[in-house]
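Order of the sequence lines fixes the chain letters, A, B, ..., with proteins taken first and strands second; residue numbering starts at 1 for each chain.
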2 protein chains.
Amino acid sequence: MERDTRQRRAIRRVIEEAGRPLSPQEVLKVAQVHSQRLGIATVYRTLKGLVEEGWLAQVELPGEPPRYETAAKAHHHHFQCRACGQVYEIEGCPQNVQPLTPAGFLLEGHYMVLYGQCAACVQAC
Amino acid sequence: MERDTRQRRAIRRVIEEAGRPLSPQEVLKVAQVHSQRLGIATVYRTLKGLVEEGWLAQVELPGEPPRYETAAKAHHHHFQCRACGQVYEIEGCPQNVQPLTPAGFLLEGHYMVLYGQCAACVQAC
DNA sequence: GTCGTTGCAAAGCGTTTGCAGCCTA
DNA sequence: TAGGCTGCAAACGCTTTGCAACGAC
């Protein structure tokens, strides 16, 4: 990731402005507005490079393609709306995780996703 | 899933005896002991059918292929060992999840994975 | 014997890679 | 101008599907 190209500027900008985790396909679609001939291979290569640089964090939801968000954020979890599929960031963290660890096991981290309906979809129902 | 074939008996048996979630490839490998000419397509078709029947539950870990376990279990979560990759079942559940839900959102469920090292790998280190 | 099921091979689909040409520094 | 970067297309790995043969009932 040495050079500052049009494609990379477009990809970084799209993720910064999204405010939520984006999938590679979403990144491609939006970034093509700024860089018309952008290809999916470049999106994958750039996302991978930005993760390695520590600028991006990979957000893996069960059964979903990986999404990406800027890494400059505090530890947090995600909420996925079952109606619209959109992923939101949530603050806070369950406090009582350690006691769930089996005897003899070493707990190094945890991962949590909440499921339900976002405010917009609750309204729409 | 009307007929009781050699292949289906082998697949069900393998999952019942495993005691932990298995991936399709693991199921194939072990089930071939009981049914030599078993193909991967049959494994996928059977797993899908058993999930639809409610006999199997799909376990999706972030960034991992789906695994399958018998559905006749109470709500629980999983622990994945970062050293050996094995997935274990854990009992219990974080108590304070509801307060993390954003205002206006409807919480319907949650999903959690703990990461660390299993007892065997802690010993080995 | 019927027709649900199987194994094989081909097709899909998302992701990665090879390569010639492009463009940043 | 050098060589990192890009777009295209081919390759990949996992999963699904089409189809003729098989076998449970």
Whole-Å distance, B:Ile11 CD1 to C:dT5 P, equals 12 Å
Between C1' of D:dT16 and CZ of B:Arg45, the distance in whole Å: 9 Å
Strictly by modelled atom types, are A:His76 and A:Glu69 linked by a side-chain donor-acceptor pair under 3.5 Å? yes
The side chain of B:Asp4 is closest to which nucleotide in this list: D:dC25, C:dA9, D:dG7? D:dC25
So, is B:Arg8 close to the C:dT5 phosphate, meaning a side-chain N or O under 4.0 Å from OP1 or OP2? yes
Find which nucleotide of DNA chain D each of B:Pro24 and A:Gly39 is nearest to by heavy atoms, and output the residue with the more 5' nucleotide. A:Gly39
Could you tell me whether the phosphate oxygens of D:dT6, OP1 or OP2, come under 4.0 Å of any side-chain nitrogen or oxygen in A:Arg37? no
Quickly work out the A:Glu64 CD to C:dG14 P distance and round it to whole Å. 13 Å
Answer yes if the ring centres of A:His110 and A:His77 are under 6.0 angstrom apart, and no otherwise. yes
Length of the NE2-C1' vector between B:His34 and C:dT6, whole Å: 18 Å
Would a line drawn from the ring center of A:Phe79 to the ring center of A:Tyr115 be shorter than 6.0 Å? no
C:dA25, D:dC5, D:dC8: which one has an atom nearest the side-chain heavy atoms of A:Glu2? D:dC5
B:Thr5 vs D:dA24: side-chain N/O to OP1/OP2 distance below 4.0 Å: no
Length of the NZ-C1' vector between A:Lys48 and D:dT6, whole Å: 16 Å
N or O in side chain of B:Gln7 less than 4.0 angstrom from D:dG23 OP1/OP2: no
Could you tell me whether a side-chain N or O of A:Glu26 sits under 3.5 Å from a main-chain N or O of A:Ser23, the two making a donor and an acceptor? yes
May I have the distance from B:Ile40 (atom CD1) to C:dC8 (atom P), rounded to whole angstrom? 12 Å
Interatomic distance where CZ belongs to B:Arg3 and P belongs to C:dG1 [whole Å]: 15 Å
Base, sugar-phosphate or nothing for B:Leu38? Non-hydrogen atoms, less than 4.0 Å. sugar-phosphate
Hey, does A:Thr70 have a side-chain heavy atom less than 4.5 Å from the side chain of A:Tyr68? no
Rounded interatomic separation in angstrom, taking CG from A:Leu47 and P from D:dT6: 12 Å
Which sits closer to the 5' end of DNA chain D, B:Arg9 or A:Ser35, going by the nucleotide each is nearest to? A:Ser35
